[in-house]
Amino acid sequence: MDKEHRSGNFSYVVGAEKGLRDLLAGAETMPLLEGAVEAGVLSAAITDSKGGVVWSAGCPGEKTYAETAPISVEGELVGRIMVTVGTEAEVGSYLKGLLHILSVATNMIIRANLKRVLTTETHATVVNRSYEELVETNRRLTVSEGKYRELAATLEKKVEERTGELKRAQEGMLRREKMASIGQLAAGLAHEINNPMGYVSSNIRTLKKYVWRMGTIMDFYRSLIEGPAVHDAIRRQAREKWKELKLDVVSGDMNDLIDQCLDGSDRVRKIVSDLQAFAHVEDGTEVPVNINREIDRTLDVISHQVPEGTEVVREYSPLPAFTCNPALICQVFLNIILNSLQSGSEKPRIFLTTSCEDDLIAVSISDNGNGIPADIRNRIFDPFFTTKEVGKGTGMGLSVVYEIVTAYGGTIEVKSEPGEGATFLLKLPAGRRPNVKVF
Amino acid sequence: MIEYDEVERRMVLKLVYYGPALSGKTTNLLRLHDFLETEGRGDLMVLDTKDDRTIFFDLLPFFLEAPSGLKIKVKVYTVPGQVRHDATRKAVLQRADGVAFIADSQLAESTNNFGSFDNLEKNLSLVGLDIDEMPLVIQFNKRDLHEIIPEADIKRVWSPTGIALFMASALEGWGVAETFGGLLGRTYDRVDKRFSLSREHGLDRQTFLEKLTRRAGEAVTGKRLR
């Protein structure tokens, strides 16, 4: 038996047990009892189930005759009505009749009260519960209304955001399409140029050797001619011929011409190799690499191109592995860093930081150069766009960077203020497979 | 949920007649009131009805004393059957010690019967009572009508549940006392298990049933199905 039952302290919503005092009030019973006294009895009283007097009227004498009738609630005897008279003669139909009237009236009052109590309890319970349910419904409706209001208020902003996203996506797509066609063209061109360039450049090198030999023999002949064993007339003729053919100028110019040819062919080779890198982003095997180490490796490779007195600051954070073709990712850093070195600062300073948040690797490369003018900032990633003198730059460096970064599902941004250097910010997703879709 | 007061030596048992609207719950109580002896039986309290529809509930109380002096009050309630009075049903069902489900045998009422039984299961769990633990009987009322579900079909559907089934016509007066007796017997078993009515209070099952179902004139002999 648990505690609840032992205490007998039960709470009912409806129909809790009611006793005599719950269902009868003095104001209801006293007029009845007093009426009985007026009708001639000595006393009239209502007692509880243990015999204790609850309400009474009149005054029972020394020697009295009593009669009682039961009072019940729900079939249970809860008390009695008692009337007393002074003489035995009165205990007859008169007393019994009076008692009957009192009994019927009292029980009727009890039944009516019980009915009222039960009805009120039920009504109150139902009303309370309905009220609670309504309050809860109202609360839910308020919450939902709030949500809709918020939605309505932010709808315009959301539409604007989505439109912006769509616009950017469309621009990206157009750009990729443009790149794709340029890439195909570039791949074809590169192949066609490579073949003739191969033998042109090789032949020029051979030619340079031959020319050196010819020069050497000419010098040998000239020294013989100037010697004592040669007849004066022949020496004069030889000198005139040398002069006529302007061989002084020719011998001085010849090496320069050949060197310039070699320079030119080297540059053509470089353009072609850039074009190939541009066109073949997908090539090569992909392995997980540590971006920090790849940046260091790139810096090692270009160490001889870094001007003396250049300050290189590295601030690396631990990074997750990034799966890519290491040659391509090095190419990205190489091209950006070379650009930074040529940014026109007298005391160049390159600032490199890496960090990672939510599997997104961020690489920032800043310089202290002249910065990128606003009017060309959105063209720097276009193929063949260059600010260098004609013949100095290929215009391929940053477009290759852009293609490689986007091919790996990353993004690249540039921030720059004139005179305050430029910052390239790359973001590469480490978690997901690269979204390679280029050419 | 038996209400037991050890100090006052009182126990109150609450039995509820549940079921769809107009299935005859109040008629069941009226018949019991008419049949059973007045000694220990209170008056049937029919709370305000509108067009013969119960909107609060009806209450038929019984009172008996065990040989040990334990006072036992048995209160039999009906609930309003109409769907809209669900809050009242929940209030009445609270702390119930036994349930008689009064189904309407008419073919057209099958859906309402199932709906009301679902409602009973839902409300029992809402007031924290377990239907599997609850003494429960089902009465298929209105067997005097024509368009009704055959008894064989009823048995086929309900027998597997193990719930006691009674056929009745409250209007003609048969099956009513049997249903009540069936519910009382199951309730007694549950109370006896917990409060040892027989061992500690000298009140055996037979006496308990006889005291509460004593007809004016004859003793009830339960004709139970199953």
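The sequence lines fix the lettering, A, B, ..., with proteins before strands; numbering per chain opens at 1.
Judged by distance alone, with hydrogens and angles left aside, the side-chain atoms of Lys73(B) form no donor-acceptor pair with the main-chain N or O of Glu74(A) at under 3.5 Å.
For Lys18(A), the NZ atom is densely surrounded, since the number of other residues' heavy atoms within 6.0 Å is greater than 12. Around atom CD of Gln206(B), no more than 12 heavy atoms belonging to other residues, nucleotides or ligands sit under 6.0 Å away. Other residues, nucleotides and ligands place more than 12 heavy atoms under 6.0 Å from the NE2 atom of His33(B). Within 6.0 Å of CG in Asp358(A) there are 12 or fewer heavy atoms belonging to other residues, nucleotides or ligands. Around the CD atom of Glu165(A), the shell of radius 6.0 Å holds more than 12 heavy atoms that belong to other residues, nucleotides or ligands. Residue Glu136(A) qualifies as enclosed at atom CD: its count of foreign heavy atoms under 6.0 Å is above 12.
Here CG of Asp43(B) is found 7.5 Å from OG of Ser72(A). Values are rounded to the nearest 0.5 Å. The CG atom of Leu118(A) sits 6.0 Å away from the OH atom of Tyr77(B) when rounded to the nearest 0.5 Å. The structure places CG of Leu114(A) at 4.0 Å from CE of Met45(B), a figure rounded to the nearest 0.5 Å.
Lys90(B) touches chain A through backbone and side chain together, each having a heavy atom under 4.5 Å away. In this structure, the portion of Leu59(B) lying under 4.5 Å from any heavy atom of chain A is its side chain and not its backbone.
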For Glu17(A) and Glu8(B): C-alpha separation, side-chain torsions, deciding distance, then whether side-chain contact (heavy atoms from CB on, under 4.5 Å) applies. CA-CA 12 Å; Glu17(A) 281 290 282; Glu8(B) 292 285 319; over 6 Å; no
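With a 4.5 Å cut-off on side-chain heavy atoms, Thr122(A) and Phe57(B) count as touching.
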